[in-house]
**Student:** 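Quick one: the structure is below, questions incoming.
One is the number of the first residue; the rest follow in order along the sequence.
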Amino acid sequence: ELEVEGKSFNELDSLAKKTNNALLSWHLFIYKMALSFWMRKYEDVIELSVNRSKHLPSSQLKRVLNIFRTLFEGISYFNLARDTKQVQWINLGENAMLWMSQMESVSKWNYENKTKLLQAELHYSKGELESAEASYEASINSAHEHKFIHEEAWACELYGVFCIQNNLAERGNELIKAALDKYTQWGAMEKVTELQKLIDASDAAMLMRRTQSYGRATF
């Protein structure tokens with residue numbers, strides 16, 4: 001079981017409830033959501049959010065950390081939309097994107113890359129592939145310019161997955177490797193290990209396709 005400063009999540013949850021500490025409870029929720037999100041467990045992200053909403057006072061929704069909640073939810077909604085083909089997820093994801101665009105009007109420096117990434121995922125979910133590519137690239141450039149190394153890594157990863165899923169494996173592999181480098185700089189070694197598996201699988205798939213192509217050309 002994961003721990004925070006020597007205490008398990010269950011112990012901290014119990015402490016938050018016992019002391020009626022809304023701030024601790026909120027931070028634990030965001031931490032759990034982040035752990036699921038960074039490992040691309042998108043269904044877990046949504047389940048956490050739904051369960052939390054049943055107990056979250058409306059006054060807590062204005063906290064700064066809600067920005068990350070919206071971002072995690074938005075990306076998760078769009079991934080579920082593509083997996084299930086259910087329009088409801090696109091609608092929820094679009095609401096998250098619109099909310100983030102409002103935040104961008106308050107601080108372009110902090111929120112532009114996040115808005116562009118949600119826009120990219122929206123375009124992808126609607127089959128607007130050229131627009132998706134442009135938005136992914138805009139998100140990467142914005143995160144790089146504004147020194148958000150982990151969010152640059154994240155945008156590279158999602159763009160890489162987009163490319164791999166749309167028969168652009170070589171470009172996708174380049175982006176995933178760029179993401180791996182950024183995650184390494186950030187110190188997210190579990191994420192590095194997880195991404196390396198994706199790179200290995202992609203390399204193997206490309207090698208197989210090239211071998212098959214070579215065989216057809218030779219004979």
**Student:** Could you tell me whether a side-chain N or O of T193 sits under 3.5 Å from a main-chain N or O of M189, the two making a donor and an acceptor?
**Tutor:**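 The answer is yes, because a donor-acceptor pair under 3.5 Å joins these two groups.
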**Student:** Same cluster for L195 and V161 if Ile/Leu/Val/Met/Phe/Trp/Tyr side chains link at under 4.5 Å?
**Tutor:**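 Looking at the clustering, V161 is in the same group as L195.
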**Student:** Just say parallel, tilted or perpendicular for the rings of F37 and W154, cut-offs at 30° and 60°.
**Tutor:**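 Aromatic pair F37/W154 classed perpendicular.
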**Student:** Is it true that a side-chain atom of R69 and a backbone atom of S49 form a donor plus acceptor pair closer than 3.5 Å?
**Tutor:** yes
**Student:** Going by the rule side chain to side chain contact (heavy atoms under 4.5 Å, CB included), which residues pair with T19 if we only count those two or more places apart in sequence or in a different chain?
**Tutor:** L15, N21
**Student:** Around atom CD of E43, are there more than 12 heavy atoms from other residues, nucleotides or ligands closer than 6.0 Å?
**Tutor:**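 No, CD of E43 has 12 or fewer neighbouring heavy atoms, counting only those of other groups under 6.0 Å.
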**Student:** Tell me if a side-chain donor or acceptor on S105 pairs with a main-chain N or O of Q102 at a distance below 3.5 Å.
**Tutor:**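 Checked: pair present.
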**Student:** Has the side chain of N51 got a donor or acceptor atom that lies under 3.5 Å from a matching backbone atom of E47?
**Tutor:** yes
**Student:** If only atom types and distance count, is the side chain of H146 paired as donor or acceptor with the main-chain N or O of W109 below 3.5 Å?
**Tutor:** yes
**Student:** Does a salt bridge link E174 with K177, judged by any charged N lying under 4.0 Å from a carboxylate O?
**Tutor:** no
**Student:** Does the S139 side chain pair with the main chain of S135, one donor and one acceptor, at a distance under 3.5 Å?
**Tutor:**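 No, S139 side chain to S135 backbone: no donor-acceptor pair under 3.5 Å.
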**Student:** Which atoms form the tightest heavy-atom contact between A96 and G74, and what is the distance?
**Tutor:** CB-CA, 3.8 Å
**Student:** Decide, yes or no, whether a salt bridge links K116 with E104 under the criterion of side-chain N to carboxylate O below 4.0 Å.
**Tutor:** no
**Student:** Any side-chain to backbone donor/acceptor pair from T184 onto L180? Under 3.5 Å, distance only.
**Tutor:**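 Looks like yes, one N/O pair under 3.5 Å.
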**Student:** Would a distance-only check, ignoring hydrogens and angles, find a side-chain to backbone donor-acceptor pair under 3.5 Å from T115 to M100?
**Tutor:** yes
**Student:** Given Y124, which of Y136, F78, Y159 fulfils the side chain to side chain contact (heavy atoms under 4.5 Å, CB included) condition?
**Tutor:**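 Of the listed options, the one satisfying the test is Y136.
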**Student:** For the pair F148 and H150, name the ring-plane relationship: parallel under 30°, tilted 30 to 60°, perpendicular over 60°.
**Tutor:** perpendicular
**Student:** What do you reckon, is NE2 of H144 surrounded by more than 12 foreign heavy atoms closer than 6.0 Å?
**Tutor:** no
